[in-house]
2 protein chains.
Amino acid sequence: MKKYFEILQKCPLFEGIEEKDLLALLHCLGAKTEKFDKKYTILTEGKPSKYIGIVLNGSAQIVQVDYYGNRSILSVVEPSQLFAEAFACAEVQSLPVSVIANEPCEIMLIDSRRILYSCANNCAFHQQMIFNLMKDLAQKTLLFHQKIEITSKRSTREKLLAYLGFQAKKEGANSFTVSFDRQELADYLEVDRSGLSAEISKLRKEGILDCRKNYFELL
Amino acid sequence: MKKYFEILQKCPLFEGIEEKDLLALLHCLGAKTEKFDKKYTILTEGKPSKYIGIVLNGSAQIVQVDYYGNRSILSVVEPSQLFAEAFACAEVQSLPVSVIANEPCEIMLIDSRRILYSCANNCAFHQQMIFNLMKDLAQKTLLFHQKIEITSKRSTREKLLAYLGFQAKKEGANSFTVSFDRQELADYLEVDRSGLSAEISKLRKEGILDCRKNYFELL
DNA sequence: TTCCTTTTGTTGAAAATTCAACATATATTC
DNA sequence: GAATATATGTTGAATTTTCAACAAAAGGAA
């Protein structure tokens with residue numbers, strides 16, 4: 001477990017908890033780690049939402065697939081980040097999303113009841129973790145607002161430019177790589193892939209952006 | 001303040017707090033109430049996010065207006081419900097949304113710092129409120145998932161039917177009224193109003209639903 | 001390298017959305 | 001009740017998206 005300390009210390013759930021306490025806390029929480037290959041399902045839509053996940057390395061996508069098989073990508077989670085915490089905290093019966101490994105990754109899973117309710121040892125960190133979860137959920141809400149702001153645009157072009165604008169702001173630079181391939185980007189923006197490719201070509205011809213695979217540059 | 005006790009007791013923020021303690025707590029929090037006429041702005045996009053709001057009566061809309069003036073409605077908040085709590089908890093610099101009175105309403109506003117951080121009296125309810133906020137934010141996240149599930153559909157028809165399906169589930173009945181007029185429903189579904197009206201007509205002719213103003217019935 | 005798979009780009013036709021303009025219906029005000 | 005304002009429904013044209021099919025490029029495996 002120790003090799004993940006650096007990642008775990010940056011995890012919002014453990015903010016304000018000192019390294020010396022972390023190992024005991026993880027034990028108390030019954031934390032376990034699992035490895036997943038690319039494209040493997042970490043948590044399955046429709047199943048009970050028992051676990052809060054933490055990405056230790058690699059990355060994962062939060063996806064929703066509708067009745068007709070259309071995939072919608074809600075977000076990407078990267079090392080140190082939590083996922084499925086909202087469903088665990090809201091104690092929903094069944095997960096409304098699946099979590100899929102975006103690349104080979106290691107994941108820590110914690111039974112959410114061990115976080116939300118005091119353990120037998122009544123360890124002192126529950127209050128801190130509740131506060132941390134509250135902060136994290138508030139942050140996640142902002143990301144949803146952002147996604148809605150992007151996808152509420154009516155055209156592929158506007159959606160793409162809004163998305164790239166947010167990425168540029170986040171990276172603090174006009175050039176960056178995105179963690180989506182074309183199909184995934186389309187599924188995040190909720191548009192057609194071929195239409196997205198065509199729009200990228202058009203924007204390139206107009207000198208508005210440059211793009212090579214998942215590298216983008218706003219001009 | 002006493003006349004709002006019934007509403008406040010149902011407010012997620014005060015769950016688990018007894019009526020006898022509520023008045024003192026509200027005083028401790030420096031809660032104030034304000035009245036707003038229909039269409040008045042309760043909180044303004046771009047301004048600091050100092051306050052958590054509670055709807056006492058009436059209702060309000062959470063809206064976002066983009067560069068071109070296109071309105072997007074994120075959600076509607078009704079009596080007992082919180083709003084702007086995510087921005088307060090995440091301590092963002094400026095609000096990414098406006099909150100608009102949907103009808104004449106009374107609103108309680110609480111400086112979020114009084115909730116998040118212990119007061120001079122160190123009253124015992126902060127922990128409970130933090131827990132309550134965590135639960136509330138988790139619930140709100142589910143609503144965002146729902147909105148994204150609805151608006152990620154590619155056609156006006158599918159968006160409308162997905163929305164009505166969720167409403168029917170929520171109401172536990174196939175007939176219900178929605179708290180949107182046509183333009184607002186269009187702005188929630190992220191579609192064109194006239195196209196929405198046309199789609200409703202079509203669905204009516206096909207015998208799939210009945211609709212009179214904001215009353216809908218799924219057949 | 002070569003073969004094979006996957007990803008990305010391109011195109012045209014079909015379908016759907018948006019937009020503008022107007023008709024009709026419903027509320028509101030005096 | 002009449003007049004006015006607001007909301008909703010209808011239509012056709014322009015634009016855009018989606019869909020399907022294929023071409024081209026990139027990546028991986030042998």
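Lettering of chains follows the sequences in order, A, B, ..., and the numbering in each one begins at 1. Fair warning: this is a prediction, and the values are worked out from it, not measured in the lab.
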I want to check something: taking the side chain as every heavy atom from C-beta on, are [X] and [Y] in contact at a cut-off of under 4.5 Å?
{"X": "A:L185", "Y": "A:N214", "value": "no"}
{"X": "A:D136", "Y": "A:L13", "value": "no"}
{"X": "A:L160", "Y": "A:L196", "value": "yes"}

| Nearest-nucleotide pick for B:R182, side chain only, options being D:dT18, D:dT8, C:dT7 |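 Closest nucleotide among those given: D:dT8.
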
Within this structure, what is the [atom1]-to-[atom2] distance between [X] and [N], rounded to whole angstrom?
{"X": "B:F180", "N": "D:dT8", "atom1": "CZ", "atom2": "C1'", "value": "17 Å"}
{"X": "B:N70", "N": "C:dT17", "atom1": "CG", "atom2": "P", "value": "17 Å"}
{"X": "A:L185", "N": "C:dT7", "atom1": "CG", "atom2": "C1'", "value": "14 Å"}
{"X": "B:I200", "N": "C:dT24", "atom1": "CD1", "atom2": "P", "value": "20 Å"}
{"X": "B:L196", "N": "C:dC19", "atom1": "CG", "atom2": "P", "value": "14 Å"}
{"X": "B:E190", "N": "D:dT17", "atom1": "CD", "atom2": "P", "value": "16 Å"}
{"X": "B:E199", "N": "D:dT10", "atom1": "CD", "atom2": "P", "value": "12 Å"}

For nucleotides 4-6 of chain C, which of its nitrogen or oxygen atoms have a protein nitrogen or oxygen under 3.5 Å away, and what is each distance?
none

| said: Please list, in numerical order, the residues of residues 149-160 of chain B that have a heavy atom closer than 4.0 Å to any atom of DNA chain C. | reply: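 Nucleic-acid contacts, sorted: B:S155, B:T156.
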
| task | Go through residues 203-219 of chain A and report each residue with a non-hydrogen atom lying under 4.0 Å from DNA chain C, sorted by number. | result |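 Residues of residues 203-219 of chain A that come under 4.0 Å of DNA chain C are, in numerical order, A:R204.
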
| query | In dot-bracket, 5' to 3', how would DNA chain C read with Watson-Crick or G-U wobble pairs under 3.5 Å, [ ] for crossing ones and | for pairs to another strand? | reply | ||||||||||||||||||||||||||||||

| query | Should the pair A:F87 and B:H145 be assigned to parallel (<30°), tilted (30 to 60°) or perpendicular (>60°) ring geometry? | reply |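 Rings of A:F87 and B:H145: perpendicular, as their planes differ by over 60°.
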
| said: By the 4.0 Å heavy-atom rule, please label A:S201 as base, sugar-phosphate, or nothing. | reply: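 Here A:S201 touches the backbone only, sparing every base.
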
| task | Just jot down the side chain to side chain contact (heavy atoms under 4.5 Å, CB included) partners of B:K47, sequence neighbours excluded, or say none. | result |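 For B:K47 the side chain to side chain contact (heavy atoms under 4.5 Å, CB included) partners, ignoring immediate neighbours, are B:T44.
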
| Within the distance-only criterion (no hydrogens, no angle test), does the side chain of B:R182 pair as donor or acceptor with the backbone N or O of B:R193 below 3.5 angstrom? |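 Not at all, since once roles are kept as given, no pair shorter than 3.5 Å links the two residues.
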
| field | Heavy-atom closest contact (B:L26 atom, B:M108 atom, distance) | value |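 Between these two residues, the closest heavy atoms are CD2-SD, 3.8 Å.
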
Under 3.5 Å between N/O atoms: give me all the protein pairs with nucleotides 20-24 of chain D, atom names plus distance.
unit_1, atom_1, unit_2, atom_2, d
D:dA20, N6, A:S194, OG, 3.4

